[in-house]
> 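This is the structure I want to talk about, given as structure tokens.
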Amino acid sequence: MTDRPATSLASLDIAAMIGGRRGIIDMSIPGVVLVIVDTFAPLGWAIVAALVSATAVGLLRLFRGEPLRQATMGLGGLAGAAALAAVTGDAKTYFLPGILANAAYAVLTIASILIGRPVLGYVIAFLDRGYAHWQDEPGLRRAATIATAMWAGVFTLRACVQGYLYTHHDVQWLAPARLGMGRPLWALGRAGRFFVLEGKAKDASDPVSEADSS
């Protein structure tokens, strides 16, 4: 039986997983459209414009013969948020699902640290077999805790800032805050994860590596 080559954390290209540079751009277009239209039109019109742009991106990807996963996920999220705003009669509730999601992620990451089971350790071990030993090695366990804390900070900051704007009815700032705290903070959290975890993996294909480390 042929062993499947181990996946290196460094070789995991998140951008490629979501469609490469074009996929990232396509996922960002509806948010950019929402922010631009929101500067000169009511938020309701901005939401409609974002939905239209997401649909246009999906059709364009279809004509180009590209995967529709990014467009479908983006359109589904936008449609759900827009429907919530329509049902409640308050346009600001468009942002509520994202705020609640970030709050939930913040609670999950913080709770995992408090109980000594940093969730990012499990995520990294799932993505890269070289980190499967993270719970048995104090240094790597500490690194996983630090990486999880970085992501907890990202989620907490998003939830707090956007939650504050939401509860204080500063609707005009919610769209810029959501866009501005999206990709940059995601990139920061990803960079921090690599900084504390990269280079600590074992060679899963080398049976001697574990013996040498003990």
> Please determine whether residues Val119 and Ile113 belong to a single hydrophobic cluster, defined as Ile, Leu, Val, Met, Phe, Trp and Tyr linked transitively by side-chain heavy-atom distances below 4.5 Å.
no

> With rounding to the nearest 0.5 Å, note down the distance linking CG in Asp170 to CD in Gln162.
12.5 Å

> If you compare all heavy atoms of Ala152 against all heavy atoms of Thr156, which two are closest, and at what distance to 0.1 Å?
O-OG1, 2.7 Å

> When you measure from the side chain of Thr148 to the backbone N and O of Leu120, does any donor-acceptor pair fall under 3.5 Å?
yes

> Report yes or no: do Val107 and Val154 belong to one cluster of Ile/Leu/Val/Met/Phe/Trp/Tyr joined by side chain heavy-atom distances under 4.5 Å?
no

> Mind checking the OG1-CE spacing from Thr145 to Met150? Nearest 0.5 Å is all I need.
11.5 Å

> Do the ring planes of Tyr105 and Phe155 sit parallel (below 30°), tilted (30 to 60°) or perpendicular (above 60°)?
tilted

> Do Val48 and Phe95 share a hydrophobic cluster, counting only Ile, Leu, Val, Met, Phe, Trp and Tyr and linking them when any side-chain heavy atoms are less than 4.5 Å apart?
no

> Taking a hydrophobic cluster as the set of Ile, Leu, Val, Met, Phe, Trp and Tyr residues connected by side-chain heavy atoms closer than 4.5 Å, whether directly or through intermediates, do Ile99 and Leu108 fall within one such cluster?
no

> Check whether any side-chain heavy atom of Trp134 lies under 4.5 Å from a side-chain heavy atom of Pro118, and answer yes or no.
yes

> What's the shortest heavy-atom distance between Ser112 and Ile115, and which atoms?
O-CG1, 3.5 Å

> Does Ser53 reach the main-chain N or O of Ala50 with its side chain, forming a donor-acceptor pair under 3.5 Å?
yes

> Using modelled atom types and a 3.5 Å cut-off, is there a donor and acceptor pairing between side-chain atoms of Arg141 and backbone atoms of Gly116?
yes

> Just verifying a value: how many Å separate Thr55 OG1 and Leu60 CG, rounded to the nearest 0.5 Å?
12.5 Å

> Are Trp151 and Ile110 linked, directly or through intermediate hydrophobic residues, by side-chain heavy-atom contacts shorter than 4.5 Å (ILVMFWY only)?
no

> To the nearest 0.5 Å, what is the distance between CG (Leu165) and CH2 (Trp173)?
9.0 Å

